[in-house]
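Data first, discussion second: the structure below is written as structure tokens.
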Amino acid sequence: MRIDAEQTYGPVELLAVVAGGSGTPAPITELSLKDWRHTLDANLTTAFLTFRTFLPSMIDHQRGSVVTMSSTAGRLPSPSSPAYGAANAGLQMLTRQAALQVARHNVRVNAIAPGAVLTDRLIQMPARVRDAVAAQHPLGRLGDPADIAAAALFLLSDASSWITAITLDASGGRVAL
């Protein structure tokens, strides 16, 4: 995959690691091992494999910036999503580990932990449910995909050249509660 991308576009210097899914909502006592592994693979193992594929080239070129897309679920426990929360907490730590290992090569690695963002899944929910979710955020609204894109662009840009190994909570203040 990396070789094909580099042959077509040149060295990869900017990378957004966006994978995953919410998994099966179930308490720990009812969550199957299959669902647990599927959620961890979708959210954490895919990031590991992406790092393993693209970081060597960034190290070789002594330049790069990576942003992983996590979730506030990795910061705030939820009674219904233990696998998703654990996978995202793991992704945030994997991001920090990668940042530590590649920093001396002028490669930065950061994460974004969005709160509830107005995506298709939320748009399909009844308005009263969306309003209740929005009320959980101190800014009183759901995030817009553009909010998350702006955070990613900042972290990928040279404007954040002194920032690495962080998780940026793009959550309308939700994590502060």
Side-chain angles (χ1 to χ4, degrees), residues 1-22 40 42-77 84-119 122 133-134 136-177:
M1 176 175 20
R2 180 187 88 225
I3 294 169
D4 292 342
E6 288 183 350
Q7 287 174 348
T8 303
Y9 303 107
V12 175
E13 294 182 2
L14 304 175
L15 179 64
V17 181
V18 183
S22 59
L40 263 63
N43 290 277
L44 185 55
T45 305
T46 55
F48 162 73
L49 294 171
T50 303
F51 285 159
R52 200 172 72 177
T53 299
F54 289 97
L55 286 179
S57 177
M58 291 179 169
I59 290 168
D60 289 346
H61 291 95
Q62 295 289 298
R63 179 166 174 75
S65 183
V66 180
V67 170
T68 61
M69 197 60 59
S70 183
S71 169
T72 55
R75 308 267 246 200
L76 300 167
Y84 184 66
N88 277 280
L91 177 56
Q92 292 168 25
M93 181 53 73
L94 180 64
T95 298
R96 292 175 67 196
Q97 293 284 344
L100 177 66
Q101 292 177 14
V102 300
R104 70 180 184 275
H105 300 287
N106 195 36
V107 177
R108 297 177 295 108
V109 185
N110 294 291
I112 299 173
V117 176
L118 198 53
T119 59
L122 280 175
V133 172
Q136 295 174 350
H137 298 75
L139 288 180
R141 68 173 178 87
L142 298 170
D144 187 275
D147 297 324
I148 308 309
L153 288 173
F154 168 70
L155 289 174
L156 289 168
S157 77
D158 288 338
S160 66
S161 65
W162 189 237
I163 299 172
T164 195
I166 67 149
T167 296
L168 176 63
D169 293 308
S171 65
R174 176 77 172 104
V175 173
L177 297 178

CA sep, side-chain torsions, deciding dist, call: I166, L155, side chain to side chain contact (heavy atoms under 4.5 Å, CB included): CA-CA 10 Å; I166 67 149; L155 289 174; 4.2 Å; yes
Smallest separation among heavy atoms of M69 and V18, with atom names: CB-CG2, 4.1 Å
Sidechain-backbone polar pair: N43 side chain, N88 backbone, donor-acceptor under 3.5 Å: no
Heavy-atom closest contact (P114 atom, I148 atom, distance): CB-CD1, 3.7 Å
Pairs flagged by side chain to side chain donor-acceptor pair (under 3.5 Å) wherever residues 94-103 is involved - sequence neighbours left out: T68-T95
Non-hydrogen atoms of S71 and Y84 that approach each other most closely: CB-OH, 3.4 Å
Derivation and outcome, side chain to side chain contact (heavy atoms under 4.5 Å, CB included), residues L118 and D144: CA-CA 5 Å; L118 198 53; D144 187 275; 5.6 Å; no
Distance, nearest 0.5 Å, that separates CZ of F48 from CG of L40: 13.5 Å
Interatomic distance, S65 atom OG to N110 atom CG [nearest 0.5 angstrom]: 6.5 Å
Atom pair CD1/CZ of I59 and R63 - distance to nearest 0.5 Å: 15.0 Å
Reported CG-to-OG1 distance for the pair L142 and T119, which is rounded to 0.5 angstrom: 9.0 Å
Candidate pair R141 and D147, rule side chain to side chain contact (heavy atoms under 4.5 Å, CB included), full reasoning: CA-CA 12 Å; R141 68 173 178 87; D147 297 324; 3.0 Å; yes
Side chain to side chain contact (heavy atoms under 4.5 Å, CB included) between F51 and V109, worked out: CA-CA 10 Å; F51 285 159; V109 185; 4.0 Å; yes
Interatomic spacing from NE2 in H105 to CE in M58 - rounded to 0.5 Å: 13.0 Å
Closest non-hydrogen atom pair, Q92 against S70: NE2-OG, 2.9 Å
Closest heavy-atom pair and its distance - A151, L168: CB-CD2, 3.8 Å
F54 backbone acceptor or donor facing S57 side chain under 3.5 Å: no
Separation between OG1 of T167 and CZ of R75, rounded to the nearest 0.5 Å: 4.5 Å
Heavy-atom pair of closest approach, residues L55 and A98: CD1-CB, 4.2 Å
Partner residues of S171 under the side chain to side chain contact (heavy atoms under 4.5 Å, CB included) criterion, sequence neighbours left out: T72, D169, R174, V175
